[in-house]
Asks: 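The structure is given below, and queries will be raised subsequently.
Just so you know, these numbers use all the heavy atoms, side chains as well, and skip hydrogens, waters and symmetry mates. So you know, we letter chains A, B, ... as the sequences are listed, proteins then strands, and number each from 1. Bear in mind the structure is a predicted one, so any value in this text is a computation, not a measurement.
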There are 2 protein chains.
Amino acid sequence: MDVSRQQAASADDAAQAPAVEKGPRARTRRLMLETATRLMQSGLTPSVSEVAEAAEVSRATAYRYFPSQAALVQAVVDEGLGPILTWKSTSNDAERRVADLFATAMPRIEAFEATFKAALKLSLDQWARREAGTLGSEPAFTRGHRVDLLKDAIAPLKGRLKPRQFRRLAQALSLVFGVEVVTVLKDIWGLDSAEMMSVAQWAAGALVRAAVAESEARSVGMSAASKAMSA
Amino acid sequence: MDVSRQQAASADDAAQAPAVEKGPRARTRRLMLETATRLMQSGLTPSVSEVAEAAEVSRATAYRYFPSQAALVQAVVDEGLGPILTWKSTSNDAERRVADLFATAMPRIEAFEATFKAALKLSLDQWARREAGTLGSEPAFTRGHRVDLLKDAIAPLKGRLKPRQFRRLAQALSLVFGVEVVTVLKDIWGLDSAEMMSVAQWAAGALVRAAVAESEARSVGMSAASKAMSA
DNA sequence: AAATTTCTGAGACGCGAGTATCATATTGAT
DNA sequence: ATCAATATGATACTCGCGTCTCAGAAATTT
């Protein structure tokens with residue numbers, strides 16, 4: 001038989017398969033992911049070429065596994081997100097559950113600060129491309145995990161709050177939860193990690209209590225939250 | 001829109017232009033800024049080259065006025081920020097003042113959505129560069145306007161709140177005010193402008209009321225983590 | 001009007017990201 | 001050990017951003 005090149009056949013299985021794979025393919029991918037994670041946790045935002053050099057593989061090979069910096073960041077984000085996504089609180093109190101979630105997630109986000117900031121940057125890039133119409137069927141960044149996490153955290157209020165209020169609370173909480181909080185409180189205000197945590201926790205608690213107070217003011221009548229209805 | 005402008009009326013330089021300049025220098029700069037603003041308000045995030053083409057000047061000339069996309073975005077941000085920075089509320093009620101500020105600023109931010117998102121992206125770029133040590137001693141993005149605006153908005157509480165509480169409220173409010181709100185509520189949650197506005201306003205109001213309530217409850221001595229309605 | 005300063009346009013150039021191609025090395029089944 | 005499938009590496013290429021140089025056009029001065 002005639003021997004011709006056929007590397008193109010196995011081009012697109014390198015997306016995101018944490019499934020049990022063996023062989024050099026999985027090994028190299030793992031090596032690159034670990035290298036990229038290590039670099040990003042040290043604060044860097046390496047390009048594919050830089051990861052290739054650090055992992056001591058050729059540029060060509062690196063690009064075979066991660067066709068762009070976006071793919072690389074996405075993979076590291078998934079890595080860093082792991083412990084957060086499996087989070088479960090033991091409490092039944094919404095405010096405490098939210099506090100738990102923040103205490104779990106925010107330090108993790110800070111540890112992967114460069115990664116999450118890169119992800120935010122890439123999502124903005126994607127938005128700009130979509131707006132300009134020059135979106136070439138790209139991976140489509142996720143960036144919606146906080147929605148489910150927060151909905152789950154305040155799930156105990158699902159009975160006490162009207163669906164409309166429940167959703168609004170989740171939406172408001174999503175404003176004080178995530179990398180954006182880091183960019184605002186640390187980069188603009190110059191706070192340190194502990195101060196940032198404190199502010200975010202206070203804001204989250206205040207929002208939860210406000211939602212509860214409002215809902216109780218509606219059913220019970222007079223209460224300390226009477227001012228809340230004037231909005 | 002209208003490209004024919006007098007060169008004499010050229011007092012409004014934005015970023016790094018030496019004060020009062022006349023002649024073709026100011027005219028070309030103004031032409032480019034108007035072109036860039038128009039393009040960005042239509043949702044695009046043009047490169048310097050693209051603005052050059054749209055403004056019908058050569059690439060070389062364009063780069064003389066705006067040495068990078070960052071400089072361009074910064075200039076357009078200043079343009080878009082104008083009406084916001086001069087904002088003054090007539091009310092003495094902190095909550096109302098905050099609501100006023102939001103009602104003024106957020107629509108403006110939305111109108112310049114592409115610009116502010118580009119600015120956010122560039123500030124993330126800058127952070128990454130600083131982190132990597134490869135900062136070319138160039139841009140220095142501002143991005144701190146919301147601090148003064150919010151402090152001013154809640155100024156009526158300066159007497160009622162302790163400095164620590166006052167600062168914390170301003171910091172918390174800065175989380176629900178700015179482009180980040182747009183990226184989270186519109187891009188992730190899929191809300192429209194009105195819904196976004198409603199959520200941001202509710203969150204801001206809740207935070208202000210929580211700060212006030214806490215300060216009033218302080219005479220009891222206990223941290224306000226307990227339910228607000230337990231009187 | 002002539003001379004001088006300033007502005008502009010048209011290239012060439014370097015650089016980094018991403019793509020494509022081909023030759024070689026490694027693996028795994030027989 | 002052999003042979004085909006597959007993984008890897010070296011290299012060259014495109015492309016867009018930003019820099020640089022230089023000659024010509026415009027404006028300002030005298």
Side-chain angles (χ1 to χ4, degrees), chain A residues 1-14 17 21-32 35-36 44-74 118 121-122 125-126 128-129 132 134-139, chain B residues 3 6-8 10 17-18 21-32 35-36 44-74 118 121-122 125-126 128-129 132 134-139:
Chain A
M1 296 298 183
D2 185 77
V3 183
S4 37
R5 51 247 162 262
Q6 42 192 347
Q7 305 134 342
S10 63
D12 65 331
D13 62 331
E21 237 176 292
K22 63 172 187 175
R25 213 160 162 90
R27 189 198 152 275
T28 303
R29 185 170 204 278
R30 230 185 111 64
L31 170 62
M32 282 196 63
T35 304
L44 299 167
T45 313
S47 65
V48 179
S49 299
E50 287 165 335
V51 174
E53 186 177 4
E56 292 182 308
V57 298
S58 74
R59 253 168 42 89
T61 299
Y63 272 103
R64 276 186 197 103
Y65 290 89
F66 301 96
S68 66
Q69 199 198 35
L72 198 52
V73 169
Q74 178 77 70
K121 190 160 91 73
L122 290 169
D125 259 335
Q126 189 175 296
R129 275 198 247 283
T134 56
L135 214 169
S137 72
E138 296 183 24
Chain B
V3 292
Q6 283 284 6
Q7 25 180 310
S10 63
E21 224 174 315
K22 65 174 186 177
R25 190 140 189 103
R27 188 201 155 272
T28 304
R29 185 170 205 280
R30 214 182 136 64
L31 169 63
M32 282 196 63
T35 305
L44 300 167
T45 311
S47 66
V48 178
S49 298
E50 287 166 334
V51 174
E53 187 178 4
E56 292 182 307
V57 299
S58 75
R59 250 167 43 89
T61 299
Y63 272 105
R64 277 185 198 105
Y65 290 90
F66 301 96
S68 67
Q69 199 198 35
L72 198 53
V73 169
Q74 178 77 69
K121 192 160 88 70
L122 290 169
D125 258 335
Q126 188 176 296
R129 274 198 249 283
T134 59
L135 210 164
S137 74
E138 290 283 341

Asks: Select one nucleotide: of C:dG9, D:dG18, C:dT19, the one nearest the side-chain heavy atoms of B:Tyr63.
Replies: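 Nearest nucleotide to the side chain: D:dG18.
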Asks: Nearest-Å distance, CZ (A:Arg30) to C1' (D:dA7)?
Replies: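 Those two atoms, CZ and C1', are 19 Å apart.
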Asks: Nearest whole angstrom, please: distance from the C1' of D:dG16 to the CZ of A:Arg129.
Replies: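 Rounding to the nearest Å, CZ of A:Arg129 and C1' of D:dG16 are 12 Å apart.
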Asks: From C-beta outward on A:Ser49, which listed nucleotide comes closest to its side chain: C:dA17, D:dG18, C:dT8?
Replies: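 Nearest to the side chain of A:Ser49 among the choices is C:dA17.
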Asks: Roughly, in whole Å, what's the span from CD in A:Glu53 to C1' in D:dG9?
Replies: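 After rounding, the gap between these two atoms is 15 Å.
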Asks: Counting just side-chain N and O atoms, does A:Ser68 come under 4.0 Å of either OP1 or OP2 of C:dA17?
Replies: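 No, because none of the side-chain N or O atoms of A:Ser68 sits under 4.0 Å from OP1 or OP2 of C:dA17.
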Asks: Decide yes or no on side-chain contact (heavy atoms from CB on, under 4.5 Å) for A:Thr45 and A:Gln69, but give the supporting numbers first.
Replies: CA-CA 9 Å; A:Thr45 313; A:Gln69 199 198 35; 3.7 Å; yes
Asks: Just N and O in the side chain of A:Ser47: are any of them under 4.0 Å from OP1 or OP2 of C:dG16?
Replies: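 It does not, given that no N or O in the side chain of A:Ser47 lies less than 4.0 Å from OP1 or OP2 of C:dG16.
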Asks: Let me know the distance between CZ of A:Arg29 and P of D:dT6, rounded to the nearest Å.
Replies: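 My rounded result for the distance is 19 Å.
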Asks: Over how many whole Å does the gap from B:Asp125 atom CG to C:dG16 atom P extend?
Replies: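 Between P of C:dG16 and CG of B:Asp125: 15 Å.
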Asks: Any side-chain N or O of B:Thr61 under 4.0 Å from OP1/OP2 of C:dG9?
Replies: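 Result: yes.
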Asks: For B:Ser58 and B:Ala52, which heavy atoms make the closest approach, and how far apart are they?
Replies: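 Taking B:Ser58 first and B:Ala52 second, the nearest heavy atoms are O-CB, 4.0 Å.
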Asks: Atom CZ of A:Arg59 and atom P of C:dA17: how far apart are they, to the nearest Å?
Replies: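 From A:Arg59 CZ to C:dA17 P: 8 Å.
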Asks: Answer yes or no: does a side-chain N or O of A:Tyr65 lie under 4.0 Å from OP1 or OP2 of D:dT8?
Replies: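 Yes, such a contact exists.
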Asks: Less than 4.5 Å apart, any side-chain heavy atom of A:Val48 and any of A:Val51?
Replies: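 Result no, sub-4.5 Å side-chain heavy-atom pair not found.
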Asks: Does the side chain of B:Ser58 get closer than 4.0 angstrom to OP1 or OP2 of C:dA10 through an N or O atom?
Replies: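 Indeed not, no polar side-chain atom of B:Ser58 lies that close.
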Asks: Would a 4.5 Å heavy-atom cut-off, applied to side chains only, mark B:Met32 and B:Thr35 as touching?
Replies: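 Not in contact.
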Asks: For B:Glu50, does its backbone N or O pair with a side-chain atom of B:Glu53 as donor and acceptor, under 3.5 Å?
Replies: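 Such a contact is absent between B:Glu53 side chain and B:Glu50 backbone.
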Asks: For B:Leu72 and D:dC17, what is the distance between atoms CG and P respectively, to the nearest whole Å?
Replies: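 That distance rounds to 12 Å.
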Asks: Write down the distance between CE (B:Met32) and C1' (C:dG9), rounded to a whole number of angstrom.
Replies: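 It is 14 Å, rounded to the nearest whole Å.
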